[in-house]
Amino acid sequence: MTAISRGAVAASLAAVLGLGLAACTQASDSGPEGGASSPSSAASSSISPSSSTDEQEGTPIRIRIGDQSLEATVWDNSTGRALLEQLPLSLSFEDLNGQEKAGHLDRELTMDGMPDGDDPQVGDLGYYAPSGNVVLYYGDVGRWDGIARIGRIHGNLSVISDQAGDFTATLEAAK
């Protein structure tokens, strides 16, 4: 083969591959109305982004750590309601893997009607059923069986993440 014919073959191959890729992309990116949407928006619609969890309705609480406090919302689900029934609570929290702070409850919370597991977002308030812990998530831990997302923490999470060692926090109804 000569250099010209190799170049022609390569150009033809590139054109065919390009058209095939464009056809596949156009078909997979079209939404229900046939309009284009970005792959990231399609993927994000299947998970609960943090902005939408901020807007869920629930009961406001306060998390006091020393002389600092954060507001939070406990969502209206069975596990969240069970936590609210125990307030006010003072819990000793410990750090787990530089991602979360966990405080052990004396009484377990119900998991009735909750999923088998979840993938908490940074800033979520959770419950880890296997160990009976309330969890303050300040890092991305991924999905785990036994996790229930029960609320959202509002404000600067460094109040939580900057705690060195074990610390005591009080969870109470917001006034």
Side-chain angles (χ1 to χ4, degrees), residues 31-32 37 39-175:
S37 66
S40 64
S41 66
S44 66
S45 65
S46 67
I47 47 178
S48 300
S50 1
S51 59
S52 70
T53 57
D54 281 338
E55 298 168 9
Q56 269 188 296
E57 292 185 22
T59 303
I61 67 167
R62 181 173 299 112
I63 302 170
R64 285 190 301 114
I65 302 170
D67 60 353
Q68 298 179 306
S69 65
L70 292 167
E71 301 300 315
T73 301
V74 176
W75 298 329
D76 187 23
N77 57 44
S78 64
T79 309
R81 287 188 300 271
L83 177 66
L84 291 171
E85 290 173 5
Q86 293 188 28
L87 297 184
L89 283 170
S90 286
L91 301 173
S92 177
F93 283 83
E94 63 179 324
D95 189 80
L96 298 173
N97 303 316
Q99 306 289 321
E100 59 193 294
K101 306 287 186 176
H104 186 72
L105 292 169
D106 289 335
R107 288 186 315 175
E108 293 182 358
L109 303 179
T110 182
M111 290 289 285
D112 289 345
M114 299 300 287
D116 291 337
D118 211 330
D119 180 3
Q121 305 299 305
V122 172
D124 277 349
L125 175 65
Y127 177 66
Y128 186 58
S131 58
N133 289 336
V134 170
V135 186
L136 313 174
Y137 294 100
Y138 65 91
D140 184 8
V141 300
R143 187 191 187 288
W144 287 86
D145 288 344
I147 289 177
R149 293 172 56 204
I150 61 172
R152 188 81 183 151
I153 303 164
H154 312 288
N156 187 347
L157 295 177
S158 68
V159 172
I160 297 167
S161 62
D162 289 351
Q163 297 299 314
D166 295 355
F167 65 95
T168 298
T170 300
L171 285 64
E172 60 193 5
K175 296 176 183 171

Where [X] and [Y] come nearest, the two heavy atoms and their spacing:
{"X": "Ala72", "Y": "His154", "answer": "CA-CD2, 3.6 Å"}
{"X": "Asp95", "Y": "Lys101", "answer": "OD1-NZ, 3.0 Å"}
{"X": "Met114", "Y": "Ser78", "answer": "CG-OG, 3.8 Å"}
{"X": "Asp145", "Y": "Arg143", "answer": "OD1-NH1, 2.7 Å"}
{"X": "Pro120", "Y": "Gly142", "answer": "CD-O, 3.5 Å"}
{"X": "Glu57", "Y": "Thr73", "answer": "C-CG2, 4.3 Å"}

Looking at residues at least two apart in the chain, or sitting in another chain, which of them share a salt bridge (charged side-chain N to carboxylate O under 4.0 Å, His left out) with Glu94?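 Listed in chain order: nothing, the list is empty.
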With sequence neighbours left out, what residues match Asp140 under salt bridge (charged side-chain N to carboxylate O under 4.0 Å, His left out)?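 Here no residue qualifies.
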How many angstroms lie between [atom1] in [X] and [atom2] in [Y], if you round to the nearest 0.5 Å?
{"X": "Ile61", "Y": "Ile63", "atom1": "CD1", "atom2": "CD1", "answer": "5.0 Å"}
{"X": "Leu136", "Y": "Ile153", "atom1": "CG", "atom2": "CD1", "answer": "4.5 Å"}
{"X": "Leu91", "Y": "Phe167", "atom1": "CG", "atom2": "CZ", "answer": "9.5 Å"}
{"X": "Leu125", "Y": "Tyr137", "atom1": "CG", "atom2": "OH", "answer": "9.0 Å"}
{"X": "Arg149", "Y": "Asp118", "atom1": "CZ", "atom2": "CG", "answer": "5.0 Å"}
{"X": "Leu157", "Y": "Asp124", "atom1": "CG", "atom2": "CG", "answer": "10.0 Å"}

Determine which pairs satisfy ring-ring contact (aromatic ring centres under 6.0 Å, His included) with at least one residue from residues 106-127, sequence neighbours left out, and list them in order.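 Counting only pairs at least two positions apart or across chains, no ring-ring contact (aromatic ring centres under 6.0 Å, His included) contact touches residues 106-127.
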Main chain of Gln99, side chain of Asn97: is a donor-acceptor contact present, judged purely on distance under 3.5 Å?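 Such a contact is absent between Asn97 side chain and Gln99 backbone.
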Take atom CD in Glu71; do more than 12 heavy atoms of anything else shown fall under 6.0 Å from it?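 Count over threshold, so yes.
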Looking at Asp166, I want to see if its CG is surrounded by more than 12 non-hydrogen atoms of other residues, nucleotides or ligands under 6.0 Å.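 Result for CG/Asp166: enclosed.
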Donor-acceptor list for residues 79-87 side chains, cut-off 3.5 Å, not counting sequence neighbours:
{"residue": "Thr79", "atom": "OG1", "partner": "Thr110", "partner atom": "O", "Å": "2.7"}
{"residue": "Arg81", "atom": "NH1", "partner": "Asp76", "partner atom": "OD1", "Å": "2.7"}
{"residue": "Gln86", "atom": "NE2", "partner": "Arg107", "partner atom": "O", "Å": "3.2"}

Is a donor from one side chain sitting under 3.5 angstrom from an acceptor on the other, for Ser131 and His104?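 No, because no side-chain N or O of Ser131 sits under 3.5 Å from a partner of the opposite role on His104.
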I need the single residue from Ile147, Val135, Asn133 that forms a side-chain contact (heavy atoms from CB on, under 4.5 Å) with Glu100. Which is it?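 When side-chain contact (heavy atoms from CB on, under 4.5 Å) is applied between Glu100 and each of Ile147, Val135, Asn133, only Val135 qualifies.
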For Ala173, enumerate each residue passing the side-chain contact (heavy atoms from CB on, under 4.5 Å) test, keeping only those at least two apart in sequence or located in another chain.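 Listed in chain order: nothing, the list is empty.
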Please name all residues satisfying side-chain contact (heavy atoms from CB on, under 4.5 Å) with Gln68, sequence neighbours left out, ordered by chain then number.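 Testing Gln68 for side-chain contact (heavy atoms from CB on, under 4.5 Å), a comparison that skips the adjacent residues, returns Val159, Gln163.
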